[in-house]
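Letters A, B, ... are given to chains in the order of the sequence lines, protein chains preceding strands, and every chain is numbered from 1.
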2 protein chains.
Amino acid sequence: MPDLAGLELLLAVARLGSLGRAARELGITQPAASGRIRSMERLLGVALVDRSPRGSRLTEAGALVTDWARRIVEAAEAFDAGAQALRDRRDSRLRVAASMTIAEYLLPGWLIALRARLPDTAVSLLAGNSAVVAGRLLAGEADVGFVEGIGVPAGLDGAVVAQDRLVVVVAPGHAWARRRVPLGAAELAASPLILREEGSGTRAVLEAALGGLARPLLELSSTTAVKSAAVSGAGPAVLSELAVGEELAARRLVRVPVDGVRLRRELRAVWPVGHVPAGPVRELLSLTRGVR
Amino acid sequence: MPDLAGLELLLAVARLGSLGRAARELGITQPAASGRIRSMERLLGVALVDRSPRGSRLTEAGALVTDWARRIVEAAEAFDAGAQALRDRRDSRLRVAASMTIAEYLLPGWLIALRARLPDTAVSLLAGNSAVVAGRLLAGEADVGFVEGIGVPAGLDGAVVAQDRLVVVVAPGHAWARRRVPLGAAELAASPLILREEGSGTRAVLEAALGGLARPLLELSSTTAVKSAAVSGAGPAVLSELAVGEELAARRLVRVPVDGVRLRRELRAVWPVGHVPAGPVRELLSLTRGVR
DNA sequence: TCCACTCATAAGTCCAGGTTATGCCCTCAT
DNA sequence: ATGAGGGCATAACCTGGACTTATGAGTGGA
């Protein structure tokens, strides 16, 4: 498997059309780039670029590989944006506190966008549940928070930035995967489901929607664990749409239509009452808009 | 930025609860794993695992980082599955020919699933347009093909494995991003759009749906280029749902509702008439089912 | 014809990540 | 209590891969 730097180099070559220019962009020398691409080609057993005295173009296979590589690099950018913010920096100009779901799935993307607009703004991130987020904001230790849940914690103002929809998902082999008739509330409540543990936000929304009745088939302590169990066919699971986007796209999971159940929750930006968002906070919030 | 091996190690530690066990799984020694995790922690400036004489558990930050890392590693697995198949292996037991869109977005996932079921089956991949795929199959140089388009090429039998829907997308800042009233065919045909070049499958489907009338705002030669142009706000684009799933999830693009335009095409598995799928081909096809 | 660009090759340096060897800490079972 | 075993850390050493600089060779435009 090639390493991340190699993949970035490949993307740069694709974009710039020359090994030398790509090398310069990444701050290495042309022979280094040349050798690196060559070693990737050896590794993969496929020619990736057509070299000519006038530049380098991707081969057919190279284009395909580059597209696959782009996914990896994009995920790495999200990782990096998140990781940068996670490191504790006292001099941060924008201190964000966010719930797990938001920190996990949405925030990295927002941070990438923010970095494009305010490259010099140091951002720090603290992840925790609603109470922790509220506490940090009220203590003046964070400038803006993001929470998922029914209401706005006391002492805070907020604005809805996104809707999180819970979805019922099953592995493609499950009988429900071919189901066209939507599940009703009664049927859903009667079915054993793979769920987060009692007390989690996701579980709370589900039980509110069903009227307190959810039969756990399995109780697991993380979104990831629930997802893996569902993918491996253990049964139907209820998860945030955000968490299963990729699995649905890759058909590792199939969404089951549901009717008559209110499986939504609001994702809100929050800040202390009176602190009208300004500066970097305002900028960040503007990135989260345009969302239904 | 940590490297892929480091991230995999972190996932293994999360899963197995011990540095030593994770090290063993990856075929390295315990001190190597210990040092690697430590260097990642130094790099990120955050403690990732709580070490104890009874094992290692992720810290809060570690859990977050691990979830971000999982995305990268999953993308890397898709890359690897694709790359393995791309390398020309004459002894392959399953030779697949696929159109670009399918090879790019769907096939890696299928190959991962297939590898789980038939770990010893060598798969080779050739990407090309419908005509190339048909040619390979008829020449006996491929065992199964995947094409996108209106019909099944002559001499082949096929089965629909997925629906590809084209979607109209804009950057979140665009006026259409807030639009609730669906666009009609007339309005869409009258609007300048970012499109693939004349002759591409995507463009063909769009023009068929609109009755031959599409006004290009920009004509670009790859899906990726169209996507970047749309993301950067150049205007509305029409793209396969498969291509923009991630951008929609991250809100880098917003889907514009459309009404009264048939923007679908079938993705089909194909094989020579009479060659009933059997063995690995049958297995691969079974993975692509359960899809609407 | 010469310059400006491309890429490839060669030789040398250096460090990251691996290894083995060892020690400490904790827990559990004898 | 006491050893066995699992878990982690540290130290010393080795090696290979990836970088650098220096150079050459092909192509195309001024």
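- Salt-bridge check for A:R57 with A:D50: failed, with every basic side-chain N at 4.0 Å or more from each acidic carboxylate O.
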> Does the pair B:W110 and B:Y105 meet the rule for a ring pair (Phe, Tyr, Trp, His ring centres under 6.0 Å), with working shown?
Replying inline: CA-CA 10 Å; B:W110 295 343; B:Y105 295 102; over 10 Å; no

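- For B:S18, no side-chain nitrogen or oxygen approaches OP1 or OP2 of D:dG6 to under 4.0 Å.
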> Are A:F146 and A:L106 close enough, and set up right, to give a side chain to side chain contact (heavy atoms under 4.5 Å, CB included), and what steps lead you there?
Replying inline: CA-CA 10 Å; A:F146 293 94; A:L106 296 176; over 6 Å; no

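- Between the C1' atom of D:dC8 and the CG atom of B:L16 lies a distance of 16 Å, rounded to the nearest Å.
- For D:dG7, neither phosphate oxygen OP1 nor OP2 lies less than 4.0 angstrom from any side-chain nitrogen or oxygen of B:R51.
- Residue A:S56 is in sugar-phosphate contact alone, with no base atom involved, counting any heavy-atom pair closer than 4.0 Å across all strands shown.
- Considering only heavy atoms from C-beta on, B:V46 stays 4.5 Å or farther from B:E41 through its side chain.
- Atom CZ of B:R93 is surrounded by 12 or fewer heavy atoms from other residues, nucleotides or ligands within 6.0 Å.
- Toward the 5' end of DNA chain D, the nearer of the two residues A:R54 and A:D3, judged by each one's closest nucleotide, is A:D3.
- More than 12 heavy atoms of other residues, nucleotides or ligands shown are found within 6.0 angstrom of CD on A:E219.
- As rounded to whole Å, 12 Å separates atom P of C:dC7 from atom CG of A:D50.
- Scanning residues 19-38 of chain A for heavy-atom distances under 4.0 Å to DNA chain C yields A:L19, A:G20, A:R21, A:R24, A:Q30, A:P31, A:S34, A:R38.
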